[in-house]
Amino acid sequence: PTWYAPMVAKPYSPVFEILATRGTQGRYYPYTFAVTMKDIVKFHGHDCEGLSHAAACAKLAFDILFPDGIIDRSLLWGISGTSPCWSDAVAFLTGARIQYGNLGFFRDRKYGHAIILYRQDTGVAVLATWKKGINNIPDEPVVLPGSITWRPQTSMEEMMNLKRAVKKADGKQTPYQVDQMRYYQWRHVNDIFSRPLEESYQAKVLDNFKWTDWVDGKKSIPNPHERSDTRLKNDFYRKRPVSLE
């Protein structure tokens, strides 16, 4: 834990075991590496509740896609809402990018605070989002049926009312409102990460998944670039040392 990622101190703050490729056109690394909320915060630029929610959703989806716990970033596609918090978390954890055509935005706005992670080699896609009871986006539905069975320390109604007031203020919100919203969000995330993530988030495998059914084509690149950094991930090694060639 550190000043820019205090939630890492909590027992259920998500940790990801990542497998990646070595170099611009290299083979798989022989080892995995860990990614925590500290890494995701550095990539995004700041700690915010959306980043933590998105990472927690991704953790549940990855547990389904990669039962052995090792996440292969060369196989993944992702869809999120347009929030920079959620899209950055998906991009960082999956390696998917707009220019490769494997990072997209939901066609339906009601999925703004959900994600889909798709594993290309198995064809399995998972929709993940929060459970009803920790959601605090005004006037947005929870798109899966699960609800929490515990009581958050922070009132979701108070949080949503404050968010409505700040949005309605249109730049004229008070410093107290800004500080209060930040405090609510900080307390809420730390509260959630104090218990197993399954108590607050939910995931579902999508049958007969088709990328084009879910993605907003108007926000996609029509002619994406071919991704080259994973092209040789399974390449054979030399039969003998270079010095003997």
Side-chain angles (χ1 to χ4, degrees), residues 14 16-37 39-45 50-51 53-66 68-109 111-129 203 205-236:
F16 306 88
E17 186 176 358
I18 302 293
L19 176 66
T21 52
R22 175 166 40 191
T24 56
Q25 293 197 40
R27 303 177 184 90
Y28 280 119
Y29 273 116
Y31 308 105
T32 59
F33 56 83
V35 167
T36 74
M37 288 303 305
D39 304 298
I40 303 171
V41 168
K42 285 181 179 180
F43 174 77
H44 181 59
L51 208 65
H53 288 311
C57 290
K59 178 65 175 174
L60 261 66
F62 284 141
D63 286 346
I64 296 172
L65 293 171
F66 299 97
D68 63 358
I70 300 174
I71 301 161
D72 186 342
R73 290 176 86 247
S74 72
L75 300 172
L76 291 164
W77 296 39
I79 306 173
S80 74
T82 56
S83 162
C85 320
W86 291 70
S87 59
D88 273 4
V90 170
F92 182 74
L93 289 170
T94 64
R97 295 293 185 268
I98 292 288
Q99 66 265 32
Y100 301 135
N102 58 3
L103 180 66
F105 299 103
F106 282 110
R107 176 186 302 223
D108 191 331
R109 292 184 62 185
Y111 293 95
H113 292 83
I115 63 172
I116 289 177
L117 300 185
Y118 170 66
R119 180 169 170 172
Q120 187 176 13
D121 62 331
T122 61
V124 177
V126 178
L127 172 66
T129 188
V205 174
L206 298 174
D207 297 327
N208 303 314
F209 173 77
K210 293 182 180 179
W211 180 262
T212 52
D213 290 343
W214 290 86
V215 168
D216 186 347
K218 296 179 181 178
K219 295 187 172 108
S220 301
I221 294 179
N223 297 301
H225 301 283
E226 181 181 357
R227 184 176 178 182
S228 62
D229 62 333
T230 60
R231 187 173 64 89
L232 302 180
K233 64 183 182 179
N234 291 310
D235 197 51
F236 292 106

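Nothing fancy with the numbering, it's 1 onward along the sequence.
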Considering all heavy atoms of both residues, which atom of A58 and which atom of L93 are nearest to each other, and what is their separation? CB-CD1, 3.8 Å

Report the residues that fulfil salt bridge (Lys or Arg N to Asp or Glu O under 4.0 Å) with K219, sequence neighbours left out, ordered by chain and then residue number. D216

Of L127, V126, I116, I115, which is the lone residue that meets side chain to side chain contact (heavy atoms under 4.5 Å, CB included) with C57? I115

Output every pair passing salt bridge (Lys or Arg N to Asp or Glu O under 4.0 Å) with a member in residues 117-126, not counting sequence neighbours, ordered by first then second residue. R119-D121

Mind checking what makes side chain to side chain contact (heavy atoms under 4.5 Å, CB included) contact with D39, not counting sequence neighbours? V35, T36, F92

Which atom pairs, one a donor and one an acceptor, fall under 3.5 Å between side chains of residues 95-102 and the rest of the protein, sequence neighbours left out?
{"from": "R97", "atom 1": "NH1", "to": "A91", "atom 2": "O", "distance (Å)": "2.7"}
{"from": "N102", "atom 1": "OD1", "to": "R97", "atom 2": "N", "distance (Å)": "2.8"}

Once rounded to the nearest 0.5 Å, what's the spacing between atom OG1 of T94 and atom CG of L75? 11.0 Å

Give me the atom names and distance for the closest heavy-atom approach of P14 to K59. CB-CB, 4.1 Å

Specify the closest pair of heavy atoms between T21 and G26, including all atoms of both residues, with the distance to one decimal. CB-O, 3.8 Å

Test item: S228 side-chain N/O and Q25 main-chain N/O as donor-acceptor pair under 3.5 Å: no

Could you measure the distance from the CZ atom of R22 to the OH atom of Y28? Nearest 0.5 Å is fine. 13.5 Å

When the side chains of residues 76-85 are checked against the rest of the protein, which donor-acceptor pairs come out under 3.5 Å, sequence neighbours left out?
{"from": "W77", "atom 1": "NE1", "to": "Q120", "atom 2": "OE1", "distance (Å)": "3.4"}
{"from": "S83", "atom 1": "OG", "to": "C85", "atom 2": "N", "distance (Å)": "3.3"}

Looking only at non-hydrogen atoms, find the nearest pair between A125 and Y118 and report the distance. CB-CD1, 3.9 Å

Across all chains, not counting sequence neighbours, the salt bridge (Lys or Arg N to Asp or Glu O under 4.0 Å) partners of D229 are R227

How close do V124 and L65 get, heavy atom to heavy atom, and via which atoms? O-CD2, 3.4 Å

In terms of relative ring orientation, are F66 and F62 parallel, tilted or perpendicular, with 30° and 60° separating the classes? tilted

Polar side-chain atom of R27 near backbone of F236 as donor-acceptor pair, under 3.5 Å: yes

Give the minimum heavy-atom separation between A114 and F106, together with the two atoms involved. O-CE1, 3.2 Å

